Protein chains: 2
Amino acid sequence: MTGTGIEQRRDSPARGRVLGTATALFYAEGIHAVGIDRIIAEAGVAKATFYHHFPAKEELVCAYVREQSRIGRAAVATIDTADPRAALLAVFDQIADAAEFPGYRGCPFINAAAEYPDPASPVRQAIEEHRRWKRDLLVDLLRRDGAADPGRTADILTVLGDGLLVTSHLNKPPNLRRLVRDATTAVLNGG
Amino acid sequence: MTGTGIEQRRDSPARGRVLGTATALFYAEGIHAVGIDRIIAEAGVAKATFYHHFPAKEELVCAYVREQSRIGRAAVATIDTADPRAALLAVFDQIADAAEFPGYRGCPFINAAAEYPDPASPVRQAIEEHRRWKRDLLVDLLRRDGAADPGRTADILTVLGDGLLVTSHLNKPPNLRRLVRDATTAVLNGG
DNA sequence: ACAGTACCAGACAGATCTGTCTAGTCTGGC
DNA sequence: GCCAGACTAGACAGATCTGTCTGGTACTGT
């Protein structure tokens with residue numbers, strides 16, 4: 001049996017163009033602020049094709065969140081985890097990388113959650129899944145780094161990460177890269 | 001001359017009802033998700049009255065942000081600042097207070113910024129003004145507390161505050177109050 | 001008595017949004 | 001040859017959104 005049906009549907013060029021366009025627009029301008037008409041126009045896709053791949057806008061928003069999650073996981077996957085301490089620092093260095101990127105507009109998950117108040121909504125659950133993944137990653141690295149209480153230190157690192165993502169967007173403090181490194185090191189040593 | 005014109009307009013009962021309703025709805029459900037029709041219906045105000053006080057929705061959104069700023073400043077104003085160190089801890093304790101409040105949905109300024117991408121927009125400038133006020137507050141208290149580099153420590157405390165506001169909403173870590181206190185103390189002693 | 005204003009009720013216009021539907025093209029597998 | 005499915009173009013319906021306008025009531029200061 002060849003890869004028909006769902007598999008092909010997920011890989012179709014039109015679907016990819018829609019998801020790519022939506023990812024760029026949703027992140028840059030917000031989700032409620034971008035309509036379907038604009039997405040299909042910029043993706044060069046017919047409306048029927050869009051609704052063929054995504055039964056409703058919310059499905060597209062979920063796919064957007066999962067796409068952002070995929071991008072984040074891919075970035076982390078490039079990190080060598082042989083040395084857990086170095087890997088933890090590298091994870092946080094990536095925040096500084098992202099913040100320097102032109103068009104940086106904060107954390108896509110925090111921003112999306114701001115637009116979806118209901119914690120039970122599929123969008124929020126997709127966000128939660130990503131945050132669970134990230135926390136599990138931190139706990140694993142911290143355990144391997146010999147942290148006394150990996151769970152609690154992961155919570156503190158989560159606070160630090162969220163804070164860095166927000167502050168680097170809304171305040172743009174100077175010496176962000178050093179601030180990230182110092183704060184991370186302080187938590188890991190003093191944890 | 002009596003307090004006519006702008007003064008009276010700002011204090012009118014209808015305007016207050018609109019702003020109060022909008023503040024509750026915008027915070028709870030997001031800004032783009034709440035329409036004018038719903039606000040005036042729940043505030044019990046005629047449409048003409050609304051547009052009499054707020055020429056456009058964006059004016060109301062700006063007033064909402066300033067109202068949230070007023071609420072935040074009022075909360076801080078209750079703190080005794082004789083002891084700057086105690087005052088700093090009290091400011092961060094208020095984050096834990098807010099996070100325990102039923103209906104807590106994160107920081108209204110961070111959430112609003114997520115919906116207004118243009119940093120030059122009036123809404124974003126109102127947000128920036130609040131964040132400037134908060135940073136100035138921290139710098140002042142830190143200086144009086146004898147911090148070596150009040151500006152830099154204020155940046156770190158801003159990261160911490162933003163992180164706590166976000167994480168306490170999206171992760172709800174256990175022992176939040178102790179986490180807030182420990183993290184703040186660590187920054188103040190180690191920073 | 002009068003002007004000004006704040007207010008209410010609700011129709012209305014015009015734009016935009018989501019989502020459906022029709023009608024037809026192109027391509028790959030059988 | 002034939003058919004299923006991915007695709008395009010675009011009309012259409014119905015809801016909702018912002019903002020305007022009409023018309024009328026009530027209070028307030030002069």
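Owing to the predicted nature of the structure, the values given are computational and were not obtained by experimental measurement. Only this structure's heavy atoms are used, side chains among them; waters, hydrogens and symmetry mates stay out. So you know, we letter chains A, B, ... as the sequences are listed, proteins then strands, and number each from 1.
- Side-chain polar atoms of Arg132(A) and Asn171(B) form no donor-acceptor pair below 3.5 angstrom.
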Filtered N/O pairs between nucleotides 24-30 of chain C and protein, under 3.5 Å:
none

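- Side-chain atoms of Arg144(B) do not come within 3.5 Å of backbone N or O of Pro84(B) as any donor-acceptor pair.
- In this structure, the side chain of Thr167(A) engages the main chain of Gly163(A) through a donor-acceptor pair within 3.5 Å.
- Comment: Arg17(B) does not engage Glu42(B) in a salt bridge, judged by the lack of any side-chain N to carboxylate O separation of less than 4.0 angstrom.
- The main-chain N or O of Pro150(B) is never found under 3.5 Å from a side-chain atom of Thr153(B) such that the two would form a donor-acceptor pair.
- For the segment residues 26-45 of chain A, the set of residues with a heavy atom within less than 4.0 Å of an atom of DNA chain D comprises Gly44(A), Val45(A), in numerical order.
- Contacts of Asp182(A) classified as side-chain contact (heavy atoms from CB on, under 4.5 Å), with partners at least two apart in sequence or in another chain: Arg178(A), Arg152(B).
- With values rounded to the nearest 0.5 angstrom, Gln68(B) atom CD is found 10.5 Å from Ile127(B) atom CD1.
- Using a cutoff of 4.0 Å between basic side-chain nitrogens and carboxylate oxygens, Lys134(B) and Asp162(B) are not scored as salt-bridged.
- Side chains of Thr185(B) and Arg181(B): a donor-acceptor N/O pair is absent below 3.5 angstrom, by distance only.
- Using a distance-only test at 3.5 Å, with no hydrogens or angles considered, a donor-acceptor pair links the side chain of Asp83(B) to the main chain of Arg85(B).
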Produce the list of close N/O pairs, under 3.5 Å, pairing protein atoms with atoms of nucleotides 10-13 of chain D; give distances to one decimal.
none

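- Rounded to whole Å, atom P of dA4(D) lies 15 Å from atom NE2 of His52(A).
- Remark: Arg17(B) is in phosphate contact with dC8(C), judged by side-chain N or O atoms under 4.0 Å from OP1 or OP2.
- Rounded to a whole Å, the NZ atom of Lys57(A) is 11 Å from the C1' atom of dT16(C).
- Within residues 114-126 of chain B, no residue approaches DNA chain C, by heavy-atom distance under 4.0 Å.
- Checked for salt-bridge contact, Glu67(A) and Arg70(A) meet the test: a charged N lies under 4.0 Å from a carboxylate O.
- Of the possible polar contacts, one joining the Tyr27(B) side chain to the Gly106(B) backbone as a donor-acceptor pair under 3.5 Å is found.
- Put simply, OH on Tyr51(A) is 16 Å from P on dT8(D), counting in whole angstrom units.
- Residues Tyr116(B) and His32(B) place their aromatic rings such that the two centres sit under 6.0 Å apart.
- Sequence neighbours left out, the pairs with a member in residues 18-37 of chain B that pass salt bridge (charged side-chain N to carboxylate O under 4.0 Å, His left out) are Glu29(B)-Arg38(B), Asp37(B)-Lys47(B).
- With rounding to whole Å, Phe50(A) atom CZ is found 13 Å from dC17(C) atom P.
- The nearest whole Å value for the distance from the CG atom in Leu60(B) to the P atom in dG19(D) is 10 Å.
- Between Ser12(B) and dA6(C) there is no side-chain polar atom (N or O) within less than 4.0 angstrom of OP1 or OP2.
- Residue His53(B) places at least one side-chain N or O closer than 4.0 Å to OP1 or OP2 of dC7(C).
- Applying the 4.0 Å criterion to OP1 and OP2 of dT8(D), one finds that Thr49(A) has a side-chain N or O inside that range.
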